[in-house]
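See below for the structure under consideration.
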Number of protein chains: 2
Amino acid sequence: MNIGQAARATGISAKMIRYYESIGLIPAAVRTEAGYRVYGPTEIHMLRFIKRARSLGFSVEQMQHLLALWRDRDRASAEVKAVALEHIAELRAKIAELEGMVQTLQQLADCCHGDDRPDCPILEDLAASDEELSRPEIKDPI
Amino acid sequence: MNIGQAARATGISAKMIRYYESIGLIPAAVRTEAGYRVYGPTEIHMLRFIKRARSLGFSVEQMQHLLALWRDRDRASAEVKAVALEHIAELRAKIAELEGMVQTLQQLADCCHGDDRPDCPILEDLAASDEELSRPEIKDPI
DNA sequence: GTTGACCTTCCCATGGTTGGAAGGCGCATA
DNA sequence: TATGCGCCTTCCAACCATGGGAAGGTCAAC
């Protein structure tokens, strides 16, 4: 299997397969005499593992860890679970951050007429953050 | 006001203030004879606007737009609202994506014993995506 | 033998931010 | 006046994951 065929078979672009190889996420592929990378079922399986892990938002670093655990037939499932739980916590933190933004923005947007007049609570909010920002600056010179 | 003082007054790092200037988000600062950037109340206000917008997740490009509308005293609030609503939609899409990941991962983690045995539904899921991926590949050669 | 689709490596760009190096100011203190 | 410290300046590089493209080699079909 060529890199292009492997790409179509896994949904990972050829560019990314080369990249994953270059950073050591996957071992260097066997080459033909002409220098073409060759992929067998084992490599395809690993690439699909990576594809799935990426689709769940795992970073390359976390995938390094997961792949190592996958290869280790004697791993403790607790270790895998720990990686997953850590990632879940990161995702939830990110979600909470984004939801905070949405809540604020939605409130502001709800208060905005959205007509051809210039009065706009959204811009007023963005422009009026002087109080919260300047006060602590004064009373908090470490 | 120096760039360092402006940074402390706004919560934006000096590095980022220079960066915002370099990409044209803010106009080039007035300089002292020695080449030091000088910031007055107007610039501080603008930087605080930017700080607030960034904290709400607006991109630099969106901030370009918002700053232009802010400067235009005759803007239609509808235009501001449109920028905000577009951004809200982006945030919601991102949240939905992350929530999908969390849901899948949480289910897998719930099924994982998390002990010292090697059996792990999480790794099994990551490794078992062959069916969904390879079948459509065969019946879908365009 | 030519063509077209593939492969190779290499460099560059993205976005937003941080880090560091090398050299120039400004001010306080000895 | 000299020294030192902290600030400023510019430039260059890195992060993460991905895409784009150029220049050149290879393979297979016709």
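The sequence lines fix the lettering, A, B, ..., with proteins before strands; numbering per chain opens at 1. All values below come from the heavy atoms of this structure, side chains included, with hydrogens, waters and symmetry mates left out.
The closest side-chain heavy-atom distance from Pro27(A) to Met46(A) is below 4.5 Å. Under the 4.5 Å side-chain criterion, counting only non-hydrogen atoms from C-beta, Phe58(B) is not in contact with His65(B).
Note: CD1 (Ile50(A)) to C1' (dA17(D)) measures 13 Å, nearest angstrom. At whole-Å resolution of the value, CD1 in Ile12(A) and P in dA17(D) are 13 Å apart. Protein atom CZ of Arg31(B) is 6 Å distant from nucleotide atom P of dT9(D), rounded to whole Å. Summarising the geometry, the separation between OH on Tyr20(A) and P on dC16(D) is reported as 13 Å, rounded to the nearest angstrom.
Taking a heavy-atom distance under 4.0 Å as the criterion, the stretch of DNA chain C touched by chain B extends 5' to 3' from dG16(C) to dG26(C).
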Could you list the donor-acceptor pairs under 3.5 angstrom formed by side chains in residues 89-102 of chain A, with sequence neighbours left out?
residue, atom, partner, partner atom, Å
Glu90(A), OE1, Gln62(A), NE2, 3.4
Glu90(A), OE1, His87(A), ND1, 3.4
Arg92(A), NH2, Gln106(B), OE1, 2.6

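Listed by first then second residue, pairs satisfying salt bridge (Lys or Arg N to Asp or Glu O under 4.0 Å) with a partner in residues 54-69 of chain A number zero, not counting sequence neighbours. Residue pairs satisfying the salt bridge (Lys or Arg N to Asp or Glu O under 4.0 Å) criterion with at least one member in residues 69-79 of chain A, sequence neighbours excluded, are absent. For residues 1-21 of chain B, no pair satisfies ring-ring contact (aromatic ring centres under 6.0 Å, His included), with sequence neighbours left out. Within the structure, ring-ring contact (aromatic ring centres under 6.0 Å, His included) contacts touching residues 89-114 of chain A (residues at least two apart or in different chains) do not occur.
Remark: Asp119(A) engages Arg117(A) in a side-chain contact (heavy atoms from CB on, under 4.5 Å) (not counting sequence neighbours). Scanning for side-chain hydrogen bond (donor to acceptor under 3.5 Å, both in side chains) contacts around Arg37(B) gives Glu21(B), with sequence neighbours left out. Residues that satisfy the side-chain contact (heavy atoms from CB on, under 4.5 Å) test with Ser55(B), not counting sequence neighbours, are Arg52(B). By the side-chain hydrogen bond (donor to acceptor under 3.5 Å, both in side chains) test, Ser77(A) pairs with Asp115(B), sequence neighbours left out.
Residue Arg18(B) is in base contact, counting any heavy-atom pair closer than 4.0 Å across all strands shown.
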**Report entry** Where protein sits on nucleotides 19-30 of chain D, one letter per nucleotide: B base, S sugar-phosphate only, - none, heavy atoms under 4.0 Å
**Finding:** SBB---BBS---

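Recorded end-axis angle for the helix from dG1(C)-dC30(D) to dA30(C)-dT1(D) stands at 30°, based on five pairs per end and rounded to 10 degrees.
For dT10(D), the OP1/OP2 oxygens have a side-chain nitrogen or oxygen of Arg37(B) closer than 4.0 Å.
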